[in-house]
Amino acid sequence: MPAPRALTVMARMPKKSGEFELIARYFAPLAAGAAGAFALSDDAALVDLEPGQRLVVTTDVLVAGVHFRSEEAPGDIAAKALRVNLSDLAAMGARPRAYLLGLALPESIDDSWIERFAGELAGEQARFGLALVGGDTVATGGPLTVAVTALGEVAEGRVLRRRGASVGDRVYVSGTIGDAALGLELVKGRLAGAALMLDDTETAALIARYLRPEPRLALGGRLAGLASAAIDVSDGLVADLEHICEVSGFGAVVRAAALPLSEAAGHVLDAEPALRATVLSGGDDYELLFTAPEARAAEAGRLSADTGVAVTEIGEIVEGQGVRVVDESGRDITPARTGYRHF
Ligand code: ADP
Ligand code: MG
């Protein structure tokens, strides 16, 4: 016998808990590892530091339609929201300790979405060694917004700064550059012919780099005393190197031929050389970009072996200002648009 109509509709209704139920059911378990979070049942949390450690604080706000596509899986959104903050901690040389989570939830978000989102955070916390200590949960008529504030610690005197590069310093970057920007082009279906050059594994690898950046925490922790300046590549390689140059008071030259590219990115560029501008100015790589004195080049060269993350010398700091990208014959090929800007 068919169920009465009203019941059928009820069964299809997504479950939507109230604010306090959501916090107690999905978020309080994520605070279990932090005694000072009081199971998210108090007004604020206590965070203790060991003597000689400094608190490092950073926040990033991710808005649906701007920083991620609303159709992305809740787990991918959770991982990215946390990881972009951990990348900032890495760029300061800090270790993650705790984080706060601000959520503005549109009507379309139900319990099953939150469950998947929180489930992913549980895995990410275990992997990166931090716990949830607080946050805020509000309803919005606007797009889904996820704001993570990450707390880290770094020993006094071991913090990395953007400022400090000097003329003659070598410029290094970790991992490979441009994968995330190409991954975004792929998910948006904008790579056309170049996409045909990729097999399924390569396509998946580029998209994964866009969805799940890898914060270079181990590398960041090794750079104190070696790097003269450091930043994570979030806006784009050239734009972020410009940030180091501006606060350090110098310019930089980058050799395009030295840029570390993944095999997949190499195939895309072979098919469509014009996409090199996307590689140079596309954001979302979350690699570490740093400078070190020439005299320390041997030490910098050992970082790859010590951390398991490729570290490549791509250029040097020079007199003047701005970043110039040159090809093998020294021709200036700096892209007109160097990185992402919101305003
Ligand atoms: P108040 O109104 O006093 O700011 P809230 O009701 O917003 O308190 O929050 C109650 C507790 O739940 C606080 O400890 C807060 O940090 C925590 N909390 C609220 N939303 C979240 C969230 N999305 N993630 C983690 N903790 C949260
Ligand atoms: Mg509140």
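Every number for a ligand or one of its atoms is a count from 1 in the order of the listing.
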Contact (N/O only, under 3.5 Å) between S41 and ligand 1: no

Region of F20 that comes within reach of ligand 1 [heavy atoms, distance under 4.0 Å]: side chain

Side chains of Y26 and E21, donor plus acceptor under 3.5 Å: no

Heteroatom proximity flag, L101 to ligand 1, N/O under 3.5 Å: yes

Close-contact set for ligand 1 against E19 heavy atoms, below 4.0 Å: 6 (O)

Note: D285-R209 ion pair, threshold 4.0 Å (strictly below): yes

R212/D76 salt bridge by N-O under 4.0 Å criterion: yes

T137-E19 side chain donor-acceptor pair, cut-off 3.5 Å: no

Within reach of ligand 1, part of D42 (heavy-atom separation under 4.0 Å): backbone

Contact atoms of ligand 1, heavy-atom distance to D43 under 4.0 Å: 3 (O)

Other cluster members, L223 - Ile/Leu/Val/Met/Phe/Trp/Tyr, side-chain contacts below 4.5 Å: L160, Y172, L219, L226, L288, F290, L303, V311

T176 versus D179, side-chain donor and acceptor atoms under 3.5 Å: yes

Under 3.5 Å: N/O of F27 near N/O of ligand 1: no

T334-D332 side chain donor-acceptor pair, cut-off 3.5 Å: yes

Where ligand 1 meets T137 - atom numbers and elements under 4.0 angstrom, heavy-atom basis: 19 (C), 20 (N), 21 (C), 22 (C), 23 (N)

Per-residue contact class, D136 against ligand 1 - non-hydrogen pairs under 4.0 Å: both

